[in-house]
Amino acid sequence: MSTEKEMSDEDKVTQTSEEILQVEGKATEIEPTAEIDHPEQEHEVEEEVDYSNFSKDQLLHALKELVSSGKILQIESQINQIKSHFDEVLQKEKEEALEVFVKNGGAADDFDYRLADVDRSLLAGLNEFREKKSDFLREQEKQKERNFIAKNAILDRLRELVDGEETTHSINTIKQIQDEWKKIGPVPAAQNKNLWASYNALMDRFYDNRSIYFELKELDRKKNLEHKTEICEKAEALVQLPDLKEAIRQLNDLHEEFKHVGPVPRDEQETLWTRFKTASDAVYARRKEFYEGQKEVLKENLLKKEALIKKLEEFRDYQSSKIKEWNNKTKDILAIQKEWETVGAVPRENGKDINKHFWGLFKQFFHHKNLFFKELDEIRTKNKNLAEELIQKAESLMNETDWNNTANQMIALQQEWKKIGPTPEKVRDELFTRFKTACDTFFENRRNSTKQVNKEFDNNLKEKEGVIQQIIEAAKGTGLSAAALESFINQYNTIGFVPRKNMKEIMSRFNEAVDAYVKQLGISGAEKEDFLFRLNLNKLQADPNSNRVLNKKEHGIRKQIADLENNITLWRNNLEFFAASRTADKLRNQFEEKIQKAESEVDKLKKKLSIIREF
């Protein structure tokens with residue numbers, strides 16, 4: 001607490017502002033300082049905020065609110081805390097980005113870290129605060145110069161008052177000057193001492209010259225006593241105020257008011273001061289008790305956060321190949337984060353480490369998740385390219401009219417499409433729609449064409465049935481000839497395809513009708529077989545690929561002949577090894593029979609070759 005020896009220059013004004021006149025001489029009344037020398041008297045109690053667990057978005061929001069408050073000096077400590085935590089987070093992200101860049105094959109010297117929007121906003125906010133602080137300090141210096149000029153003007157007025165003629169208004173004027181002097185803010189430090197010295201000297205001279213107003217001053221002291229007593233009562237009531245922060249703020253205001261109230265009667269000074277100090281100490285004791293109680297709460301919060309870190313440890317090395325599992329684990333992580341944010345502050349000495357531990361684990365999980373989705377994005381991009389290739393092929397085929405070949409190609413493309421893995425979600429529906437549209441277009445065109453083809457096939461079936469009926473009717477009459485039969489066969493072969501479900505039936509009826517006609521011609525045995533073979537070749541000539549078919553048939557016959565001749569040679573060689581016995585004779589007879597059949601078949605096949613050569 002202040003003593004007489006520690007009184008400021010401004011308090012000395014109040015000490016010498018009046019005198020007591022005595023018949024024998026004068027004595028100067030000295031009053032204890034009205035200034036309260038308490039460690040927290042000049043500062044408002046600011047709510048402490050632990051920014052170390054804030055995200056960058058939260059830091060930006062807090063920074064904007066602080067800067068917009070306009071309390072430049074009061075928020076400087078909080079701004080520095082925000083900047084310190086932001087620098088730490090930014091440096092960590094730069095190091096992680098550099099590590100990824102180097103792992104991906106980049107050179108550290110080529111690394112160029114690009115700030116996110118929130119980073120640039122934070123830097124802009126910090127720069128805005130620095131500019132506002134610089135402007136504020138410059139304005140403060142300018143204001144001090146203006147205050148210096150204003151106080152010099154007051155000194156000039158005070159000199160005129162001191163040196164002027166005595167008037168009944170002098171006391172009121174000096175009180176007005178005192179009030180004006182008090183309201184003027186600080187001046188440059190280099191000028192402060194001289195100003196106060198001049199002010200005090202002039203005030204001493206004033207009261208020396210006007211001691212006749214002592215009685216008026218005594219009355220003024222009594223008014224000051226009433227004022228300070230009222231201040232004490234207000235201070236005593238603050239101990240009951242529920243809002244501790246508001247109580248401290250009001251107490252600071254009362255301190256300032258008590259300091260600038262003039263002197264009180266000497267016998268009341270110490271009592272009044274003790275009363276005000278006791279009321280102040282009660283409020284400060286309450287605040288101390290609050291902070292002591294907070295220590296236990298902070299320890300409990302520390303235990304809660306350590307338990308959450310233990311839960312988060314389980315996710316340190318989590319890996320999965322399924323999106324759904326990653327999303328489920330993300331929900332668990334975010335639930336832990338939400339619970340973390342509901343826990344209050346922890347002891348300051350533990351705050352930085354525990355927050356670093358928690359957010360390190362938090363970021364590690366999302367780092368692994370980002371790597372998974374990065375790989376997934378690469379796979380999806382690759383699948384997208386494959387899908388676009390299939391779409392291009394499908395779109396190039398959708399207007400083709402070679403129905404069978406194109407249908408096979410389309411079906412093959414659909415099978416390949418099923419094998420493609422996931423594609424980027426934003427284009428997934430678009431890709432599928434394009435592919436499906438191309439496929440649907442082709443198959444719709446084919447269905448429309450098939451309706452027409454089916455109608456033609458039905459007409460062909462009726463025509464072939466008519467030819468068959470003609471052959472049957474002709475076989476019942478006279479004047480049959482091979483030429484007439486070949487004519488019927490050619491007429492039948494020139495007719496196009498019939499429905500698939502009727503193909504076997506119509507061919508069976510046709511063959512029966514031809515057999516009936518041949519039978520009526522009286523052709524039998526080998527002659528009949530040759531005749532039918534010729535008829536079959538005639539039918540083949542109606543095929544657009546008749547040359548290829550005939551060559552294939554000739555090649556097959558030659559192979560049959562070669563195989564039979566090889567077997568005949570082998571069987572003849574085997575006959576030489578049979579000894580004379582009943583069993584051997586039986587086997588010899590069997591082999592000779594097989595040889596005769598094979599030779600007969602070779603003759604028939606050679607006859608067919610000669611017939612093929614005629615075509």
Side-chain angles (χ1 to χ4, degrees), residues 1-21 26-45 171 174-175 177-186 192 196-197 199-200 203-204 206-207 211 213-241 244-290:
M1 298 301 169
S2 299
T3 64
E4 273 186 27
K5 294 180 181 180
E6 298 170 329
M7 288 186 289
S8 68
D9 291 336
E10 186 175 353
D11 296 320
K12 292 176 183 176
V13 177
T14 321
Q15 294 175 2
T16 59
S17 63
E18 59 179 288
E19 297 177 339
I20 302 174
L21 287 180
K26 60 181 180 180
T28 304
E29 180 185 49
I30 300 177
E31 176 184 0
T33 179
E35 182 181 38
I36 295 181
D37 184 18
H38 195 283
E40 285 95 0
Q41 73 170 36
E42 296 296 334
H43 304 284
E44 291 186 5
V45 177
I171 290 297
I174 203 71
K175 289 294 292 182
I177 288 175
Q178 283 181 315
D179 290 339
E180 290 178 14
W181 181 274
K182 181 176 65 175
K183 291 177 181 178
I184 297 174
N192 189 53
W196 274 107
Y199 182 80
N200 289 332
M203 292 298 293
D204 286 342
F206 174 82
Y207 282 105
S211 57
Y213 290 99
F214 172 71
E215 291 181 2
L216 295 175
K217 187 61 180 178
E218 276 300 309
L219 180 61
D220 188 54
R221 284 177 180 269
K222 290 179 181 179
K223 291 182 179 179
N224 291 341
L225 175 62
E226 293 176 1
H227 190 179
K228 286 192 174 181
T229 300
E230 184 181 347
I231 292 174
C232 289
E233 292 172 351
K234 291 180 179 179
E236 289 166 345
L238 291 178
V239 75
Q240 302 299 329
L241 191 66
L244 179 59
K245 183 178 179 181
E246 178 63 18
I248 294 295
R249 187 193 67 77
Q250 292 186 26
L251 182 61
N252 287 335
D253 293 340
L254 293 176
H255 278 215
E256 190 68 18
E257 187 176 357
F258 192 95
K259 174 181 176 181
H260 289 93
V261 175
V264 300
R266 185 186 299 269
D267 58 348
E268 298 287 346
Q269 289 176 5
E270 198 62 37
T271 302
L272 194 64
W273 164 245
T274 301
R275 181 179 177 183
F276 185 62
K277 178 179 178 299
T278 301
S280 299
D281 289 345
V283 177
Y284 291 132
R286 182 181 162 202
R287 185 180 65 176
K288 182 178 179 181
E289 181 182 356
F290 170 77

[atom2] on [Y] to [atom1] on [X], rounded to 0.5 Å:
X	Y	atom1	atom2	answer
Glu268	Lys228	CD	NZ	11.5 Å
Leu254	Glu230	CG	CD	10.0 Å
Asn224	Phe258	CG	CZ	10.5 Å

Would you check if Met203 and Ile174 make a side-chain contact, meaning some heavy-atom pair closer than 4.5 Å?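 Sidechains of Ile174 and Met203: in contact.
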
Is Pro186 close to Asn192 at the side-chain level, that is, under 4.5 Å between some pair of heavy atoms?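 They are not in contact (no side-chain heavy atoms under 4.5 Å apart), so the answer is no.
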
Can you list everything that forms a side-chain hydrogen bond (donor to acceptor under 3.5 Å, both in side chains) with Glu236? Sequence neighbours excluded, please.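 Result, side-chain hydrogen bond (donor to acceptor under 3.5 Å, both in side chains) vs Glu236: Arg275.
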
Check the orientation of His255 and Tyr284. Use parallel for under 30°, tilted for 30 to 60°, and perpendicular for over 60°.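 Taking Tyr284 first and then His255, their aromatic rings stand perpendicular (interplane angle over 60°).
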
Below 30° counts as parallel, above 60° as perpendicular, anything between as tilted: where do the rings of Tyr199 and Trp196 land?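 Tyr199 vs Trp196 ring planes: perpendicular.
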
I'd like to check the salt bridge (Lys or Arg N to Asp or Glu O under 4.0 Å) partners of Glu180; sequence neighbours left out, ordered by chain and number.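 Here the qualifying residues are Arg157.
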
Excluding sequence neighbours, so at least two apart, what forms salt bridge (Lys or Arg N to Asp or Glu O under 4.0 Å) with Glu226?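 By the salt bridge (Lys or Arg N to Asp or Glu O under 4.0 Å) rule, Glu226 matches no residue at all.
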
How close do [X] and [Y] get, heavy atom to heavy atom, and via which atoms?
X	Y	value
Val239	Arg286	O-NH1, 3.3 Å
Leu225	Pro265	CB-CD, 4.1 Å
Thr229	Leu272	OG1-CD1, 3.8 Å
Ala235	Leu251	CB-CD1, 4.3 Å

Residue pair Asp179, His260: steps toward the side-chain contact (heavy atoms from CB on, under 4.5 Å) verdict: CA-CA 9 Å; Asp179 290 339; His260 289 93; over 6 Å; no

Taking only residues two or more places apart in sequence or in another chain, which ones pass side-chain contact (heavy atoms from CB on, under 4.5 Å) with Glu246?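 With sequence neighbours excluded, Glu246 shows a side-chain contact (heavy atoms from CB on, under 4.5 Å) to Leu241, Asp243, Arg249, Gln250, given in chain and number order.
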
